[in-house]
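This is a predicted model, so every value here is computed, not measured.
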Amino acid sequence: MSEPVVVDAMGGDHGPVETVAGAVTARRELGVPVVLVGRSEGVRAELARHGAVGEIDVVHAEDVVPMSERGAGAASSTTSSLTVGCELVRRGRASAFVSAGSTGAVVSCAIRGIGRAPGVLRPALAVALPSVTGGATVLVDAGATSDPSPEMIAQFAVLGASYARLVLGVADPSVGLLSIGSEPGKGNRLTRRAGELLPALPIRFHGNVEGHDVLAGTVDVIVTDGFTGNVVLKNVEGSVRAALTLAARSGGVTADEVRAVARLYDPETHGGAALLGLAGTVVVAHGSSRAATIARACAVAHDLSRDEAPGRAEDRLGAEPVR
């Protein structure tokens, strides 16, 4: 059996109750080897509720990073579940790390504990959103780096294109830059400067795209800063829920049809966002994740690490530096 996926048992709004339950599900139903990191007494008590003591290993970590922690302060503790989990990946004792903790805290600990891949300026979160064409559009960055430089956004485009190629199987992914208009030169200074860099990169650059293109399948990858990307992601989730609620009330669709569409955009379906640009595999699950979502995140992390997709996504950065 391959090296296990290490799960931050203390992360999220419902850890360790839901995170431990999710790890047990991943192990028993999905066949994913896992190890839990967190306050061992509480974690083992949750394992006992599932009859899983001795079935899943526990690594003790005394400190818990609060969900309110947004940045580098999280990495200052060497005994938190985040830092201990990342250290396990760095030392080769785990194949990947999964956490539903604060995104900013996970990013900071992953950068310090696992390290950036060669040539990468900042990591980025990639989320594959189902489109109306039946495929998916990768949104990068979905919340890892709120204030990137234009050069970072250009790197996000390379990482996102490689991710779409390796993970989604898109042979020649198209990349769009999110802006307030499709015409060249539209947007704020950050977007305009990033738009100047993208045509020179080893990607198929489509040009600017707008908010209504996110789910339309206009491009395979949409790149933006982490602040805007996270707003877009939450807006998509909320808009889909609202549209389905209105459709159900109108009587135009059946309950089964509503549930089928809702599942496409449910965090339980995609598990979480892959943190690209690191020397190891990290998946960040939604802060409100329940057991099923954690289990799915473990499966996603296991698949990514087994295929070494995040590592291979950085290969093009070494060959084509962004200037």
Side-chain angles (χ1 to χ4, degrees), residues 70-72 102-108 110-111 120-132 136-164 173-199 201 203 205-243 265 267 270 272-277 282-288 313 322:
R70 299 299 178 191
S102 160
T103 298
V106 175
V107 172
S108 294
I111 290 175
V120 173
L121 298 172
R122 285 284 297 182
L125 283 171
V127 176
L129 297 172
S131 66
V132 296
T137 296
V138 180
L139 177 66
V140 187
D141 175 22
T145 305
S146 296
D147 295 298
S149 66
E151 292 75 18
M152 292 175 187
I153 289 183
Q155 282 197 345
F156 297 166
V158 177
L159 293 172
S162 292
Y163 185 84
S174 58
V175 179
L177 175 64
L178 189 63
S179 188
I180 58 172
S182 60
E183 303 84 357
K186 281 290 186 77
N188 56 17
R189 283 180 291 182
L190 174 65
T191 304
R192 293 197 303 271
R193 176 55 183 151
E196 294 171 356
L197 297 173
L198 290 171
L201 296 179
I203 58 174
F205 182 48
H206 170 90
N208 287 354
V209 295
E210 301 180 65
H212 56 70
D213 294 306
V214 173
L215 302 182
T218 305
V219 292
D220 301 300
V221 179
I222 291 180
V223 64
T224 186
D225 63 273
F227 178 87
T228 304
N230 194 259
V231 171
V232 168
L233 180 61
K234 301 293 177 57
N235 181 261
V236 165
E237 294 171 350
S239 296
V240 168
R241 284 196 297 268
Y265 299 92
H270 55 73
L275 188 55
L276 304 180
V282 174
V283 171
V284 182
H286 201 289
S288 61
V322 176

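When side chains are defined from C-beta on, E151 does not count as touching R122, because their heavy atoms never get closer than 4.5 Å. A 4.5 Å side-chain heavy-atom check between V232 and L178 finds at least one atom pair inside the cut-off. In this structure, L233 and L129 have side chains that are in contact, with non-hydrogen atoms separated by less than 4.5 Å. Side-chain contact check for P150 versus L190: some heavy-atom pair is nearer than 4.5 Å.
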From CA spacing to verdict: salt bridge (charged side-chain N to carboxylate O under 4.0 Å, His left out), K186, E183: CA-CA 6 Å; K186 281 290 186 77; E183 303 84 357; 3.3 Å; yes
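One finds the CE atom of M152 at 12.0 Å from the CG atom of L159 (value rounded to the nearest 0.5 Å). We find the CZ-CG distance between F156 and L139 to be 11.5 Å, quoted to the nearest 0.5 Å. Between the CG atom of D141 and the OG atom of S146 there is a distance of 7.5 Å, given to the nearest 0.5 Å.
Of the candidates T224, N230, V231, V231 is the only one forming a side-chain contact (heavy atoms from CB on, under 4.5 Å) with F227. With V219 as the partner, the side-chain contact (heavy atoms from CB on, under 4.5 Å) test is satisfied by one option alone out of L177, V138, V209: V209.
When all heavy atoms of A161 and I203 are compared, the closest pair comes out as CB-CG2, 3.9 Å. Minimum interatomic distance between A124 and V140 (heavy atoms only, all atoms of both residues): CB-CG1, 3.6 Å. Shown here for T145 and P123, the closest heavy-atom pair between the two residues is OG1-O, 3.0 Å. Residues V175 and A157 approach most closely at CG1-CB, 4.0 Å, considering heavy atoms. Residue T137 comes nearest to S131 through the heavy atom pair OG1-CB, 4.3 Å, listed as atom of the first residue, atom of the second, then distance. Listed here is the closest heavy atom pair of P199 and G195: CD-O, 3.0 Å.
In summary, the side chains of N208 and S182 do not present any donor paired with an acceptor at a separation below 3.5 Å, with no hydrogens or angles considered.
Ionic pairing of R193 and E196 is present here: one or more N-O contacts between side-chain nitrogen and carboxylate oxygen are shorter than 4.0 angstrom.
The backbone N or O of T228 lies less than 3.5 Å from a partner atom in the side chain of D225, making a donor-acceptor pair. Of the possible polar contacts, none joining the E210 side chain to the S179 backbone as a donor-acceptor pair under 3.5 Å is found.
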